[in-house]
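One structure is given here, and the rest of the page talks about it.
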2 protein chains.
Amino acid sequence: MGIIRKTVSIDLLLNEFEQESNAISAVDLIKRLDKQINKTTIYRVLDKLEDDGVLHSFLGFDGVKWYAKCKGCTKSVHKDFHPHFQCLSCGTVDCLNIHVNIPEIPNREVLFSQLLIQGKCEACAA
Amino acid sequence: MGIIRKTVSIDLLLNEFEQESNAISAVDLIKRLDKQINKTTIYRVLDKLEDDGVLHSFLGFDGVKWYAKCKGCTKSVHKDFHPHFQCLSCGTVDCLNIHVNIPEIPNREVLFSQLLIQGKCEACAA
DNA sequence: CTCGTTAATGCAACCGAGTTGCAAATATAG
DNA sequence: CTATATTTGCAACTCGGTTGCATTAACGAG
């Protein structure tokens, strides 16, 4: 469906992603914007921003939804496949700027893939 | 904690995995064994079987938990890293017997990784 | 085989992420 | 400024998974 009107909720959400270079979970956004936006609205706006290619989403290791800014995606083409990294100590999640080659698989048509790498981030590995 | 006593529930669950070469979701197991085992028990037995290295678990694209037989894992060492494939048409999920190389990442310690490939399986691609 | 200990089970209630229906509020074209 | 269609908030709901607790069953000792 996508964004049609410019509203306060959209501004507030986009602002969170401006301030933050990492990915942000939906749950965390709901906490941060608790007094300002209803959680239903947050889920709906995130959906639309994803439709519009502004954000992309993926699941963390516990199955909760995370969002991060897209680079070079459009409404129709989400070309931006990359792995995500989740720190097992601090929980931080971010996009990895590396390419991982997914092999062809006999007799199957590969359409998408999601790679979640877990470990310790720079701060926590020290 | 692991399996200590041999019970009917364990037999029933293991039997499902004998009959089936694909992965099975917890939800599906609950449906299949509805009249025979309580869902709480199913979750608990699956946990233990995973502890013992008999099964391994991972999340499907919608965040639901799947289980499949382990090959060559023990209680202490889950050495069996491999990607999983989920068919977007029929929903079937299985383990892929291929190795995908996860690159080193500067300043981070990589411990695990989960790769979920989505597409069409042999039956559905035709 | 019987008994006692302890693990396993069933049940009901709960939790938390995400969704839905609907009425009220608000953005925007005209 | 007004009309209209989109957004929002709220409350209630869905559903996968978990927890507490009382009951049942596995199994080793005798």
*Would Q118(A) and Q114(B) count as having a side-chain donor-acceptor pair, cut-off 3.5 Å?*
yes
*Length of the line joining I10(B):CD1 and dT24(D):P, which is rounded to integer Å*: 20 Å
*asked:* Looking at dA27(C), I'd like to know if its phosphate oxygens (OP1 or OP2) sit under 4.0 Å from a side-chain N or O belonging to T7(A).
replied: no
*Using heavy atoms to find the nearest nucleotide of DNA chain D for K65(B) and V8(B) separately, return the residue whose nucleotide is more 5′.*
K65(B)
_No-H, no-angle donor-acceptor pair, R5(A) side chain to dT6(D) base, under 3.5 Å_ = yes
*Would you mind reading off the distance between L13(B) atom CG and dT9(C) atom P, rounded to a whole angstrom?*
9 Å
_Test log, rule salt bridge (charged side-chain N to carboxylate O under 4.0 Å, His left out), inputs K48(B) and D52(B)_ = CA-CA 6 Å; K48(B) 291 183 182 176; D52(B) 286 350; over 6 Å; no
*In whole angstrom, what separates F58(A)'s CZ from dA17(C)'s C1'?*
16 Å
*Output yes when at least one side-chain N/O atom of K48(A) is less than 4.0 Å from OP1 or OP2 of dT7(D), else no.*
yes
*State, yes or no, whether a side-chain contact exists between V93(A) and F58(A) at a heavy-atom distance under 4.5 Å.*
yes
*asked:* On the side chain of R44(A), is there an atom forming a donor-acceptor pair with the base of dG18(C) - under 3.5 Å, no angle test?
replied: no
*Given atom CG of N38(B) and atom P of dC21(D), what is their separation to the nearest angstrom?*
17 Å
*D51(B) CG to dA8(C) P: how many Å, rounded?*
11 Å
*Between dT4(D) atom C1' and I4(A) atom CD1, what is the distance in whole Å?*
13 Å
*asked:* Does a side-chain N or O of Y43(B) approach OP1 or OP2 of dG17(D) to a distance below 4.0 Å, or not?
replied: yes
*Could you state the CG-C1' distance from D28(A) to dG18(C), rounded to the nearest angstrom?*
16 Å
*asked:* Base, sugar-phosphate or nothing for K39(A)? Non-hydrogen atoms, less than 4.0 Å.
replied: base
*Would one find a side-chain N or O of S9(B) under 4.0 angstrom from OP1 or OP2 of dT9(C)?*
yes
*Which part of the nucleic acid, if any, lies within contact of I30(A), taking any heavy atom under 4.0 Å across all strands shown: a base, the sugar-phosphate backbone alone, or nothing?*
nothing
*Between W66(A) and L59(A), what is the shortest heavy-atom contact and its length?*
CD1-C, 4.4 Å
_Between the base of dT19(D) and the side chain of T40(B), is one N or O donor paired with an acceptor at under 3.5 angstrom?_
yes
*Once you round it to whole Å, what is the distance between C1' of dT18(D) and CG of D47(B)?*
10 Å
*Going by heavy atoms in the side chains, are L12(A) and V8(A) under 4.5 Å from each other?*
yes
